[in-house]
Structures are given as C-alpha cells and as structure tokens.
Amino acid sequence: ALNIKIIKITDVEYPHRLLNVKTPPKKIYVEGDYTLLSKNSIAIVGSRDCTQYGKKYAFDFAKELSKNNICVVSGLAMGIDAEAHLGALSQKGSTIAVIGSGFEHIFPEEHTNLYNQIIRCGGCIVSEYEPSRKADLTTFPQRNRIISGLAMGTLVVEAGYRSGSSITAKYTIEDQKPLFCIPSNIDSKQGVGANRLLK
C-alpha cells in the first residue's frame with residue numbers, strides 16, 4: 001500500500017524553495033522521506049534518448065554531489081534522469097524523483113523498480129497530481145517547474161533542441177538560480193540544447 005503524505009502550501013513542511021516558483025503547487029503528494037524536500041539539492045536533467053557520454057556524466061556528477069551530502073533531484077524519466085537517480089543511490093546519498101503523474105500510474109512503467117529502490121534507500125517521490133491521474137502531454141512540462149523549484153540550481157547534461165530539459169532550464173533562469181551545463185559533442189543532436197544554453 002502507498003504511504004502518501006499530502007503537504008499543503010500552508011503547511012510548515014512545505015519546501016521553502018518551492019514557494020519561490022511562479023505558480024507553486026497548492027499541495028504536493030509525497031512518498032518516502034519528505035524532509036529531503038528542504039535539504040540542499042541540485043537538479044540533474046537531460047535527454048531521454050541520451051548518449052553513453054551523457055549517461056556517464058549524469059551518473060558521475062550525481063555520485064559526487066551525493067558524496068557531498070547534496071540531494072539529487074530529477075524526473076524518473078528514461079536516460080539522463082535514471083542515471084542521475086542511480087548515481088545518487090550509488091553513494092548512500094539521497095535522491096528526489098518528481099513525477100508527471102499520480103502515484104498509481106508510474107511512468108514509464110519500466111521504472112517501477114527504480115521508484116521502489118528510491119523509496120527503499122531513503123529517497124522520496126513527489127507529485128502534484130492526485131494518485132489516480134495518468135501522465136499526459138501537459139503533465140511533464142508542468143512537473144519541470146517543481147524539479148527546478150526544489151533545487152538550488154540545475155545541471156543540464158544533454159538536451160535536444162526543444163526538450164523538457166530546456167523547459168526546466170528556462171524555469172531555473174526565471175527563478176534566478178544557477179544553471180550548469182555539460183558541454184556536448186558538437187555533432188550530437190542530443191547535445192544541441194546544452195550547448196545552446198552554454199552559449
């Protein structure tokens with residue numbers, strides 16, 4: 001059975017950094033250790049369709065951050081997100097996954113194990129959606145403002161030309177937080193967004 005905590009915007013546990021986004025969610029649903037939401041954290045985001053280079057650096061940076069007691073926030077998606085969560089978990093570190101659906105509909109389904117591993121290892125999962133809500137095209141861009149909102153800054157590892165990661169980067173800039181990018185191979189389509197952000 002799910003052990004979901006509902007935190008309202010008026011509650012004392014509501015993550016203070018999230019209050020600063022343009023449209024903070026009125027309430028969030030959390031499974032796992034909700035105290036992580038106010039811990040020092042960095043978001044790591046990037047392409048679902050990533051390269052080996054991207055995977056390696058998402059994992060390595062998450063691992064180093066974790067070692068230094070900084071929580072890693074990402075979106076439980078395929079590719080870069082998954083590597084970031086795994087890198088954080090490789091160090092007994094903590095990680096937060098912000099999902100674009102309700103808790104009864106983990107997306108992608110292949111990441112149900114990763115979801116459970118995050119909970120088991122003391123991390124937490126966050127959603128602004130009712131547990132029965134399924135993911136759709138609008139939920140993911142919305143979810144990105146929470147990924148950026150919870151973190152002190154965002155690291156973009158690989159991002160296509162028009163991608164979710166570029167949206168997360170835009171929120172980070174709007175919230176006046178630091179944005180970091182890993183330079184990418186100039187002939188890699190997965191890296192266009194990151195290189196453009198660097199420029």
Side-chain angles (χ1 to χ4, degrees), residues 1-7 11-18 28-48 50-101 103 106-128 143-144 146-159 164-165 168-169 172 177-182 194:
L2 295 170
N3 184 7
I4 300 172
K5 182 177 173 69
I6 298 174
I7 302 176
D11 291 345
V12 61
E13 299 101 339
Y14 194 88
H16 55 96
R17 277 189 294 268
L18 203 50
I28 51 176
Y29 298 84
V30 186
E31 206 189 339
D33 182 1
Y34 66 87
T35 63
L36 294 178
L37 300 175
S38 298
K39 220 184 124 165
N40 287 344
S41 59
I42 291 285
I44 298 184
V45 296
S47 187
R48 285 185 172 81
C50 61
T51 63
Q52 283 306 114
Y53 169 87
K55 275 186 171 172
K56 174 181 173 4
Y57 286 105
F59 188 95
D60 289 355
F61 272 84
K63 181 174 153 183
E64 286 304 315
L65 286 166
S66 233
K67 252 190 212 169
N68 290 287
N69 199 27
I70 292 171
C71 190
V72 173
V73 185
S74 197
L76 202 78
M78 291 292 192
I80 297 298
D81 289 19
E83 292 300 321
H85 292 306
L86 291 168
L89 294 173
S90 74
Q91 282 305 308
K92 294 272 179 286
S94 44
T95 186
I96 298 169
V98 184
I99 57 175
S101 59
F103 282 114
I106 299 309
F107 184 89
E109 263 178 64
E110 302 92 301
H111 280 172
T112 308
N113 281 342
L114 179 57
Y115 174 107
N116 292 329
Q117 191 185 346
I118 290 172
I119 298 291
R120 235 189 4 257
C121 297
C124 85
I125 314 277
V126 183
S127 176
E128 67 178 310
R143 165 280 314 253
N144 293 340
I146 300 178
I147 294 179
S148 163
L150 287 170
M152 300 180 298
T154 299
L155 171 67
V156 176
V157 178
E158 276 183 329
S165 311
T168 310
T172 303
K177 291 179 179 177
L179 180 66
F180 309 95
C181 300
I182 292 181

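In what follows, residues are counted from 1 in the order of the sequence shown.
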Closest heavy-atom pair and its distance - G79, C50
CA-SG, 3.6 Å

Without swapping roles, check the side chain of S66 against the backbone of K63 for a donor-acceptor pair under 3.5 Å.
no

Does a side-chain heavy-atom distance below 4.5 Å link I28 with P15?
yes

Can you check whether G149's main-chain N or O pairs, donor with acceptor, with K177's side chain at less than 3.5 Å?
yes

Using 0.5 Å steps for rounding, measure from the CZ atom of F103 to the OG atom of S127.
5.5 Å

One pair to check against side-chain hydrogen bond (donor to acceptor under 3.5 Å, both in side chains): T168 and S148. What are the steps and the verdict?
CA-CA 6 Å; T168 310; S148 163; over 6 Å; no

One should read off an interatomic distance between M152 CE and K39 NZ, to the nearest 0.5 angstrom, of 10.0 Å

Flag, side chain of D81 to backbone of G75, donor-acceptor distance under 3.5 Å
yes

Please confirm whether the backbone N or O of E109 pairs with a side-chain atom of T112, one donor and one acceptor, at under 3.5 Å?
yes

Strictly distance-based, threshold 3.5 Å: is any side-chain N or O of R17 a donor or acceptor partner for the main-chain N or O of L150?
yes

Please examine the side chains of Y34 and E13, heavy atoms only from C-beta on, and report whether any two atoms are closer than 4.5 Å.
yes

Minimum side-chain heavy-atom gap L76-I99 below 4.5 Å:
yes

Looking only at heavy atoms, what is the nearest atom pair of S90 and G87, with distance?
OG-O, 2.6 Å

Kindly compute the distance separating OH (Y57) from CD1 (I44), expressed to the nearest 0.5 Å.
13.5 Å

If you take all heavy atoms of P178 and T172, which pair is closest and at what distance?
O-CG2, 3.4 Å

About how many Å separate SG of C124 and CG of D33, when rounded to the nearest 0.5 Å?
6.5 Å

Kindly indicate whether the side chain of L37, heavy atoms from C-beta on, has any atom under 4.5 Å from the side chain of I96.
yes

Evaluate side-chain contact (heavy atoms from CB on, under 4.5 Å) for C121 paired with K92, printing each intermediate quantity in order.
CA-CA 7 Å; C121 297; K92 294 272 179 286; over 6 Å; no

Does either side chain, that of Y115 or that of E31, offer a donor lying less than 3.5 Å from an acceptor on the other one?
yes

dist I125:CD1 -> I106:CD1 (nearest 0.5 Å) comes out at 7.0 Å

How far apart are the C-alpha atoms of Q91 and E64, what are their side-chain angles, what is the distance that settles it, and do they pass the side-chain contact (heavy atoms from CB on, under 4.5 Å) test?
CA-CA 8 Å; Q91 282 305 308; E64 286 304 315; over 6 Å; no

Stepwise side-chain contact (heavy atoms from CB on, under 4.5 Å) test for N69 and N40:
CA-CA 8 Å; N69 199 27; N40 287 344; over 6 Å; no

Please tell me if the side chains of F61 and I182 come closer than 4.5 Å, counting only heavy atoms from C-beta onward.
yes

Starting from the C-alpha separation in whole Å, work towards a yes-or-no answer on salt bridge (charged side-chain N to carboxylate O under 4.0 Å, His left out) for E158 and K55.
CA-CA 9 Å; E158 276 183 329; K55 275 186 171 172; over 6 Å; no

Looking at Y53, I'd like to know if its OH atom is crowded, meaning that more than 12 non-hydrogen atoms belonging to other residues, nucleotides or ligands lie closer than 6.0 Å.
yes

Do you know which two heavy atoms are closest between G123 and L36, and how far apart they sit?
CA-CD1, 3.6 Å

So L86 and L114, do their side chains get closer than 4.5 Å, heavy atoms only?
yes

Can you find a pair of side-chain heavy atoms, one from V98 and one from V73, that are under 4.5 Å apart?
yes

Would you say I118 and L89 make side-chain contact, with heavy atoms under 4.5 Å?
yes

So, taking the atom named CD in Q117 and the one named NE2 in H85, what distance separates them when rounded to the nearest 0.5 Å?
11.0 Å

So which heavy atom on A88 is nearest to which on A62, and how close?
N-CB, 3.7 Å

